[in-house]
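Proteins get letters first, then strands, A, B, ... in listed order; numbering begins at 1 in each. It should be emphasised that the depicted structure is a prediction, and the values quoted were computed from it without experimental measurement.
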Amino acid sequence: MNYLDELNESQKQAVLATEGPVMIVAGAGSGKTRVLTYRVAHLMQKGVDAFNILSLTFTNKAAKAMKERITKIVGGAESRNLWMGTFHSVFARILRAEAEKIGYPTNFTIYDTEDSKGLIKDILKELNLDEKVYKPGLVYNRISAAKNNLISATSYRNNTQAQEEDKSSGKPLIGNIYERYAKRCFKASAMDFDDLLFNTNVLLRDFPEVLLKYQERFKYILVDEYQDTNFSQYVIIKQLAARYENICVVGDDAQSIYAFRGANIQNILNFEKDYPDLKTFKLEQNYRSTKNIVNAANSVIANNKEQLQKLVWTENDSGDRIKLMRALTDNEEGYLVANSIFEIKMQNQTHNKSFAILYRTNAQSRAMEEALRRLNIPYKIYGGLSFYQRKEIKDILAYCRLSINNHDEESLKRIINYPARGIGDTTIQKIMLAATDHDVSIWTILDNINDFTLEINSGTKSKLDAFITLIKNFSAAAITKGAYEVGEYIANASGILKEFYTDRTPEGVSRYENIQELLNGMKEFSEEEEPEVGSQENEVASEKNEVESEELEERSAKLEERSQETEAGSATLEARSQELEVGSENQEPRTKNQEPRTKKQLAEFMQDIALLTDADKEEDDTEKDRVSLMTIHAAKGLEFPYVFVVGMEENLFPSQLSLNSRSDLEEERRLFYVALTRAEKKITLSFSLTRYRWGNLINCEPSRFIEEIEQKYLEAPSAPQHDQERTTQRDPGFTKFKSKQPQANNPAHPILKKNLVKVSTARNTNFDPESLKDLQVGMQVEHEKFGTGQVTNMEGIYPNNKATVVFDKAGQKQLLLKFARLKILN
DNA sequence: GTGTAATGCTATTGG
DNA sequence: AGCATTACAC
């Protein structure tokens, strides 16, 4: 109970300073979560009502974990009323409650990135713009950036800077696209991820009474990972906190890694200016990692210019030094990593879950997977294609979405002819054109097809009619039945299940199983009764009461009025009003004896999963003891005893795209800092000398970040046993490849040099890099593997100089001379 | 309109 | 290499 005793002095102060603006600068592993948890618990023990506390986290999982910890201190009855979640999920819920104020229905759809890009593609077609010039992804990023800076479509077009930028990049019409995009989203009753924040800002800006309500509601606000918030999020927080100014932000500027998607490090650096009476606390003692790890990470981040002063230190043991591994190919890198894991497991009796393999890009996971599979080491990949992004799942979900919101155009487009029902592209184009012309949604056209003059023959019309009827049936079912029943109905009646039922190929079977898994998820969801204390669902329910009940009557009346509009409209709207009733029912304390509650509905299920990511998913028992594979970004906030950071190569990490500006490179370095500080006991870094990219082999050189680690924190290099065996067996060239690293290696880079030299002396051969110092363009050379060729270009400075060689058989390659072991022929 | 073969583009990072 | 879009034959 005396939780304060478990805190060090600065942690304790950070917990006790409950009133007024507070900034906690929390170094990696400094017990940040503990402070946040205890701070909330402390507030509650001081008598603050849980309803008045809002806590924003980076992932839903983090919110859930924190809530569980708080529950242990204050008990579930209290903690259940806390608002905790990500910006997106918390404000999506508020938006649903307040939707009609900004002209949206409560059942609005959330578009994911794929939906957004699909919509942009449509708009490009309408405007006759070239997809190669206006790449949908880039256009999307541009619109996203605008929204995150609270620039609406209209102000974008009036914004001279934005217009200039677009003009000079050869894409002057992005403003027009943005405008159409926003209109189309609105017409479809859809919001993209950025709209959830943008529209929250609109809501709070234009409706002072709403702002006041939530200011009163959230008297205490906590924001985790504040360094990764963007301007839009910043303004929301600032507005909500304006009345009581009980705002506590926690962050670490050294771990800011989301600038690429609009996060603004200035938010944390400027916090002082916003709140002059700010109290700042620094958490600098690291409890997670060994001295070697903490110090190595410090030595890396010291290379950044922009940072808040702080000194992270630890009382932990020195621990092992950082190990470096070098591979010839990406596959071998996987092999080395898998083997190291195997050895550590054997030596220390360690669980699989103690290991993480971190990489810069998702594409790197493949080599790791293969190697782990060969050694029978169970693993789990986070990120990449999530369950909900699989085609067959998205197809079913598209039906679900369309049933809940008939105006959801992206879902409609996806399934209007899937499974094939004879409604082809031309028909769809005609309908979409009519929708744009009449400024209504596609559904409205379809549902009133005879009111519009369309050149569609009667055969096609009856097909469209059948489709409309099908969806209307689903919409009706979505009201009267539980989520699972509707899901099953949709899977069957849509014909999707049948598509795979007959398919006996492994892919077909797997798809069928995936759909079953989705349905199982719905079943579990819809039969959920009293949610566990402290769980997410509980939170949703309690919020709903609070927010929605007060307006329930008024809104039900409005809904009824509006439901006269169209038949289909009435279906969904009724669904909503019924849901609201469910909400009000929740308000009374439920007991087991009460009459059975309606099964949870599809609409609720869809809201639940819309903002879930892989990281949020529950793991079942068989999934618990596995090696984790993920990008470094995804590893933020996590910790593992043993961490492997792979692909430590120039142009990969740091990414090639980051090399143009100092700030981008600094972000990469912070990313590396994040990677290093995930580890508790031991870090292993690996790089490969070659790697496949777009199907062909490229040469790589070790990352500059390796050299930035102070040498004394690196393990004295030695060639691992398996390395040697394998090389000699499988690739005779490998030994030679590694041999004789340039003695004249840059003395400014002693780490690499020492490492490489030492390995080389173990197995020397007769290659002398000195022999290449006269190499020039035009010379004929020979390579162990690629054969003979001619040098066409030389670049770089010795010893990191590279030659471009056109080989007679192997084609053009870029080779780093110190590794390539070229022989001059003439 | 439907299904398959050929082409072409791509891979930061993510809610 | 893998995926998506396009081109072409039915």
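Under 4.0 angstrom from either OP1 or OP2 of B/dG14 there lies at least one side-chain N or O belonging to A/Asn362. For A/Arg366, a side-chain nitrogen or oxygen approaches OP1 or OP2 of C/dG2 to under 4.0 Å. At B/dG15, none of the side-chain N or O atoms of A/Asn148 fall inside 4.0 Å of OP1 or OP2 (strictly under the cut-off). Of the side-chain N and O atoms in A/Asn696, none sit less than 4.0 angstrom from OP1 or OP2 of C/dA1. Phosphate proximity of B/dG15 to A/Thr113: absent, as no side-chain N or O sits under 4.0 Å from OP1 or OP2.
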Are any protein N/O atoms closer than 3.5 Å to N/O atoms in nucleotides 3-10 of chain B? If there are, list each pair with its distance.
residue	atom	partner	partner atom	Å
B/dT10	OP1	A/Lys135	NZ	3.4

Report each atom pair, protein N/O against N/O of nucleotides 3-5 of chain C, whose distance is under 3.5 angstrom.
residue	atom	partner	partner atom	Å
C/dT5	OP1	A/Lys121	NZ	3.2

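Comparing A/Ala363 and A/Thr86 by the nucleotide of DNA chain B that holds the closest heavy atom to each, the one mapping nearer the 5' end is A/Ala363. Heavy-atom nearest nucleotides on DNA chain B were determined for A/Ser655 and for A/Thr426, and the one closer to the 5' end corresponds to A/Thr426.
Among the atoms of the strands shown, only primed sugar atoms or phosphate atoms (P, OP1, OP2) are found under 4.0 Å from some heavy atom of A/Tyr258. Residue contacts shown for A/Leu657 include a base, since a base heavy atom lies under 4.0 Å away. Looking at heavy-atom distances under 4.0 Å, A/Arg691 makes no contact with the nucleic acid at all. Among the heavy atoms of the strands, none lies under 4.0 Å from A/Ser658. Counting any heavy atom pair closer than 4.0 Å across all strands shown, A/Thr59 reaches no nucleic acid atom.
Under the rule for a salt bridge (charged side-chain N to carboxylate O under 4.0 Å, His left out), A/Glu131 has no partner lying at least two apart in sequence or in another chain.
Between A/Asp395 and A/Lys391 there is a salt bridge, since at least one side-chain N of the basic residue sits less than 4.0 Å from a carboxylate O of the acidic one.
Remark: A/Lys380 is positioned above the aromatic ring of A/Tyr382, its terminal NZ or CZ atom under 6.0 angstrom from the ring centre and at most 45 degrees off the axis.
Using atom P as the reference point in both C/dT6 and B/dA11, the two lie 16 Å apart (nearest Å). If you take atom C1' in C/dA4 and the same atom in B/dT13, they sit 22 Å apart, rounded to whole Å.
A/Asp194 contributes a side-chain N or O that forms a donor-acceptor pair with the base of B/dG15 under 3.5 Å.
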Give the intermediate values and the outcome of ring-ring contact (aromatic ring centres under 6.0 Å, His included) for residues A/Tyr111 and A/Tyr181.
CA-CA 12 Å; A/Tyr111 274 176; A/Tyr181 176 85; 7.7 Å; no

Might you work through the ring-ring contact (aromatic ring centres under 6.0 Å, His included) test for A/Phe186 and A/Tyr104, ending with a clear yes or no?
CA-CA 7 Å; A/Phe186 185 74; A/Tyr104 269 91; 5.1 Å; yes

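Closest to the A/Asn417 side chain, of the nucleotides B/dT13, B/dT2, B/dG14, is B/dT2.
Using cut-offs of 30° and 60° for the angle between ring planes, the A/Phe672 and A/Phe705 rings count as parallel. The aromatic rings of A/Tyr214 and A/Phe218 sit parallel, their planes meeting at an angle under 30°, below the 60° perpendicular limit.
With a 6.0 Å radius and a threshold of 12 heavy atoms from other residues, nucleotides or ligands, A/Asn457 has its CG atom above the threshold.
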